[in-house]
Amino acid sequence: MAQCKFSPHEYIQNSFSPQVAILCSEDADNLCLKNNLRFVELIQPFCRLNSEIRIADPAGTTVPFRNLRVVFEDMNRRPPQPTLGKKLLSEVVSSTPWDRPVTRTIGASGTREALELELQPSTPWFETWRDTFLHVQYPSDHEFTKHYIACIVVVAATSEQPVEQLNRLSQYLHQQLHQTPARFPKWFSPNILKFCVLLHDVTAGDLTRQVKQQSEQIFEHMVTTFGSSNCHLLQINSRETDQTDIHLPDPWSQFLLQRAACDLSGGNSSETSSGTGTPREDVSALPSRVIEGDTMDTAEPIHPLSPTLPPTDEKNGTFDMMPGVEISSDVPVMVNRPSLGVGAGQHHGGCLTSSDVDRIRIFIHEFCVRSLIPHVEKQIRYLNEVVTNRSRSKSLLSATRRWLVGNKSPGSATNSVIYSSEATELQTRRLGDLCFMFGLYEVAYSYYHTAKNDFKSDQAWLYFAGAQEMAALAAFMQNSSDYPKRYLENSLQTYLNVCKVYNFAIRSTLLSTEVLKHCGEFGEAAMMFIKLTSEESDLLSALMLEQAAHCFINSQRPLPRKYAFHMTLAGHRFSKAGQRSHSLRAYKQAFQVYATHGWVLAEDHIHFTLGKQAHHLKQLTEGLEAYSKLVDQKLKKNASSQQSPSQQITYVREFINIFHQYTEQEWNASLGAPCLPLPLIESQVTRVLLGAPQDSPTSSDWIAASHLSLDAPPPDNARWFALEREVTEKYSGLNANTFKPNLQLLTSDTPNTESPVVPVNEPVVVEIIMVNPLSLSLLISDVRLVFTFEPADDEEPNDVSVKHSTCLFLH
Amino acid sequence: MAVSGNYYFAIVGHQDNPMFEMEFVPTNKEPKKEDHRHLNQFIAHAALDLVDESMWTTTSMYLRLVDKFNECSSKQVNKQHPSKTSASLLLCFLRYVSAFVTAGRIRLICLHDVKNDDGIKNFFMEMYETYIKVGIVRFRHSICT
């Protein structure tokens, strides 16, 4: 596969980052909105720790872990519906910018000569696609890597009753944690880390000392409720007003684009299904700078805690209702407020100074190191105890469970085995996931291995495949030269054939191919990619085929013909998926390998598709070039295979079509008439007759001196020239060597070195032989012979009638 | 259901150029396979890479099965644009690729959809002999004149 921005280890680590939920009050969000950012967006650029952290495994040894990345999500975010997800993926692929192609020399080998190919070294659209793909996946119940392990509650110090707000948010959180039918959001366990942030606006808060004291009081209250290591006072907005100072760096815009599309589409899906949620028009109606205290804005979305809403059943994307909760409507909870689109003129972080940015960075660091890591360590120890204790009494429990679930026939128990949330196997899986997400790969491997065996004996195939895959990945992350490869293949097989969960199969392929790429096994990686192509999803198949092509070209012994074939297939699928520019690019790059080798049908197919795509993308020059090559028979006359007449008709028709458009729109008229590749003109048999043939007068006594004509048998030039030479020698005594015959009919046999002289207003007849190489008849009409006048050195044409003239040609 | 005997045969020269191509379509099928003629060329060309790899593994000229192509689709021809060269109305397009390499590194490629080792081997030997005879004719003429 192509070079990627992240190494395989980094990519695997990024795919399984711990998820933290954010529950933000509206006042706090309004504070952040002064910067055109919501709180969730504000902290996005800082969620990767640059320093190394140390985390203790259950045995007590501390293990270093670099580049911890934590994913912060709004608690009420829902992944988009599948159709919207597909649209989003499609958009992402078409809008990612490309690098310039580079030229690479593929050495000669076997029967193949050396090739110089221009190809893309990296495929950034594939990387954004796979990131978006993972982002829009629904968290499943058989794994815990996408479940929230902590929740950060954010309140503003400058709101009216922050303590009450805090209590209400905590209550809401508590309810969300303990809903009996567990729905969205998905929590890692019932006791997650609860962290509280008090947002202090420096510009507004410093106005009165009273407010500052008040915020300190609130902070003390928070500390008593949550514990001192779980609270943080974050000061932002040190800059006075929203100055549009363009010299400030804007690290937020790159994160906003993707999130805006995701969250907005999540909102839209709920809108279509239940009527709640935010209509899309509100995005423009929201003011760019929100005044604090403006809580009764009519553009505010109807939040699910409003007591006037009827209860709705939560399906994918709608919101749950809490009919039993008595929360007054003047403390709205910020739910799924759409993030403001990344407009061209939008500036982010206008109220933040660099010290504010540093404070945010410190906040994240403190949260991770002081709060999250200790919590995780505690969880790991607790779960470890649970698991080791329970495993002693495991046999009784597992026998009971087997009896309760019923008989299982092999291969059919895909969904019939469901574990309760506290089951030992799931606790083991949780433990493995927690260790994996925080870099304890060795212990993670042992837990996954145990879980895998448990699931296998219970015949819970989806759980088994998940645990097996993670075991292999943990072994790889620990020691990349030695890992159980067959686990990954086996899991993929199980996902595809037994459980039929296509999305997990895709994710598994993406991870396995990264692993294989690291080990240099490009051939196997290519096979994995190809296995996943199917007729269902064109975009997916196109991307997989393209990556397979890159595998072929990047392998130790490059296979450029395979590369070209798979690029062609990828181009075909891209065009079916509506990605025209990608299709054009793929075909162009594939064509380099096929060019001028004589595979007429293959080349024609490529040219035809190139022409079509270029035509649609309004690149008329390229389209015309492609179609010209289709109808240009000069190169193809000697090839062994030819196109059928029906194909030729199509090609000629398309060619003429685009030719018309090209000449109307792009042809520069001052360059003269454009050159057509058809019909072929045999220039060697062109004849020019000076002076028109005249009808000889018919009289029985005389034989008229007939002028030369085109239809007459070719004159015996040798004899006539000899006669003329003798006469001129006798008459003017000129040297024989300087004799030039007087030519009336110029053909390929006559010496045509000098331009003939023709009196004005006398006709000149030109005979041109045209050849139609196609197997269909061409109708040619309206032919004109066009000439340009080149005056001799110092003469000017003072005669106006010397210009372009026309003559009709009859054949 | 037995798959019918579609065959495509090509002799590929040193510059990857097809010197000779021939298609065998069973007569009971209507000639609707216009759309796949180019696909045959693509598959044959792509298989050349694997021919290059496997020709070092054996001393015999006949290389048996070197590659396989399998694409399953069930789409229909677009009625408004019958000129579109896309897959049409087939369930599985399966082609095996067998190859034969001469001492002068001329490759004989055969695409087929039923495995027929002996038949194809004999076919290759006959084509090889014919190819040699055609090549010798030129020498004979230039020597005699």
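Naming convention: chains lettered A, B, ... in sequence-line order (proteins, then strands); numbering from 1 in each chain. When reading the values below, keep in mind they use all heavy atoms of this one structure, side chains included, and skip hydrogens, waters and symmetry mates.
- Heavy-atom distances place the side chain of B:V12, and not its backbone, under 4.5 Å from chain A.
- Using non-hydrogen atoms only and a strict 4.5 Å limit, no part of residues 127-136 of chain B faces chain A.
- Here the rule is side-chain contact (heavy atoms from CB on, under 4.5 Å) with A:H605, and of B:H38, B:Q41, B:R37 only B:H38 fits it.
- Nearest heavy-atom pair, B:D49 versus A:L559, reported as atom, atom and distance to 0.1 Å: OD2-C, 3.0 Å.
- With ring centers used as reference points, B:H45 lies 6.0 Å or more from A:F565.
- Looking at B:H14, only its backbone comes within 4.5 Å of chain A, counting heavy atoms on both sides.
- When side chains are defined from C-beta on, B:D52 counts as touching A:R561, because their heavy atoms get closer than 4.5 Å.
- Screening A:W599, A:Y594, A:F591 for a ring-ring contact (aromatic ring centres under 6.0 Å, His included) with B:F42, the sole residue that qualifies is A:Y594.
- No part of B:N70 comes within reach of chain A, as not one of its non-hydrogen atoms sits under 4.5 angstrom from that chain.
- Within a 6.0 Å sphere centred on CZ of B:R64, heavy atoms belonging to other residues, nucleotides or ligands number 12 at most.
- No part of A:I530 comes within reach of chain B, as not one of its non-hydrogen atoms sits under 4.5 angstrom from that chain.
- Not one N or O on the side chain of B:D16 forms a donor-acceptor pair closer than 3.5 Å with the backbone of A:H597.
- Note that the NZ atom of A:K562 and the CG atom of B:L50 stand 4.5 Å from one another [nearest 0.5 Å].
- Interface residue A:A602: backbone and side-chain heavy atoms are both found under 4.5 Å from chain B.
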